[in-house]
Amino acid sequence: MTTFQKIYEVVGQIPEGFVATYGQVAAMAGNPRWARVVGYALHVLPDPAFVPWHRVVAKDGRISTASDINGESLQEALLRSEGVTFTLDGRVDLQKHLWKPVDRTGFV
DNA sequence: CATGTGACACTAA
DNA sequence: TTTAGTGCCACAT
């Protein structure tokens with residue numbers, strides 16, 4: 001089991017309509033310091049279709065410009081397509097769409 | 001083996 | 001609040 005494999009595994013567990021931060025994915029993959037590795041993992045994705053890479057955003061909900069294609073953010077389009085809303089700052093509304101691995105139904 | 005780079009995160013100013 | 005610096009892990013050279 002390689003680090004990348006764990007990362008892909010975690011990212012693949014992100015439910016539709018939700019997003020997770022690099023740090024969060026890294027922490028769930030095993031180490032909270034793999035944030036950069038997560039980004040690299042998605043950067044060198046062998047098969048973009050088998051992991052919802054677009055559901056992974058920065059801690060502030062911002063999307064890295066490096067993921068842009070011909071000037072437009074494919075992530076934004078995909079996330080919007082899944083029902084994710086964006087703020088005026090161009091960030092994902094983490095308040096509503098931040099993935100919470102904990103299934104505390106009825107808490108808070 | 002050492003150095004540089006990178007879809008990040010945290011801390012200090 | 002924004003910018004700059006540092007740490008971290010994996011990969012390329």
Side-chain angles (χ1 to χ4, degrees):
Chain A
M1 184 63 76
T2 66
T3 303
F4 275 36
Q5 192 64 64
K6 292 178 184 174
I7 293 171
Y8 295 145
E9 192 103 355
V10 173
V11 176
Q13 288 168 43
I14 303 174
E16 186 176 303
F18 282 83
V19 297
T21 67
Y22 293 93
Q24 187 137 32
V25 173
M28 284 188 289
N31 282 34
R33 295 158 185 125
W34 287 350
R36 306 184 72 162
V37 183
V38 172
Y40 193 83
L42 298 181
H43 183 71
V44 299
L45 259 182
D47 230 316
F50 92 94
V51 285
W53 60 272
H54 54 271
R55 292 182 193 148
V56 184
V57 298
K59 193 174 182 293
D60 296 326
R62 233 157 13 77
I63 303 173
S64 298
T65 58
S67 58
D68 285 5
I69 52 173
N70 64 36
E72 299 233 352
S73 293
L74 177 60
Q75 278 197 344
E76 185 179 322
L78 290 170
L79 292 173
R80 281 180 181 280
S81 177
E82 295 186 350
V84 177
T85 57
F86 283 76
T87 67
L88 298 175
D89 293 339
R91 307 195 243 176
V92 177
D93 196 336
L94 296 177
Q95 289 289 303
K96 298 178 182 176
H97 305 288
L98 178 60
W99 178 36
K100 295 164 187 169
V102 185
D103 192 33
R104 303 282 204 86
T105 50
F107 190 80
V108 178

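Residue numbers begin at 1 in each chain, while the letters A, B, ... track the order of the sequences. Owing to the predicted nature of the structure, the values given are computational and were not obtained by experimental measurement.
- If you measure from atom CD1 of A:I7 to atom P of B:dG6, you get 18 Å, rounded to the nearest angstrom.
- Dashed line: the shortest gap from a side-chain N or O of A:S64 to OP1 or OP2 of B:dC8 is under 4.0 Å.
- Heavy-atom distances to DNA chain C give each of A:A35 and A:Y40 a nearest nucleotide, and the one nearer the 5′ end belongs to A:A35.
- Computed from coordinates, the A:R62 CZ to C:dT1 P distance equals 13 Å when rounded to whole Å.
- For the 3.5 Å distance criterion, the side chains of A:H97 and A:E82 fail to qualify, holding no donor opposite an acceptor.
- One atom, NE2 of A:H43, and another, C1' of C:dA12, lie 12 Å apart when rounded to the nearest Å.
- Going from atom CH2 of A:W53 over to atom P of B:dA7 covers 13 Å, rounded to whole Å.
- For A:Y22 and B:dC8, the OH to P distance is 6 Å, given to the nearest whole Å.
- A straight line from CZ of A:R33 to C1' of C:dT6 spans 14 Å, rounded to a whole angstrom.
- Residue A:V92 forms a side chain to side chain contact (heavy atoms under 4.5 Å, CB included) with just one option from A:T87, A:L98, A:T21, A:L79, and that option is A:L79.
- Here the P atom of nucleotide C:dT1 and the CG atom of A:D60 are 10 Å apart, to the nearest Å.
- Rounding to whole angstrom units, CZ of residue A:R36 and C1' of B:dA9 are separated by 9 Å.
- Classified by interplanar angle (parallel below 30°, tilted 30° to 60°, perpendicular above 60°), the ring pair A:F4/A:Y8 is perpendicular.
- Among the heavy atoms of the strands lying under 4.0 Å from A:T3 are primed sugar atoms or P, OP1, OP2 only; no base atom is included.
- Here the closest non-hydrogen pair linking A:L74 and A:W53 is CD2-CZ2, 3.7 Å.
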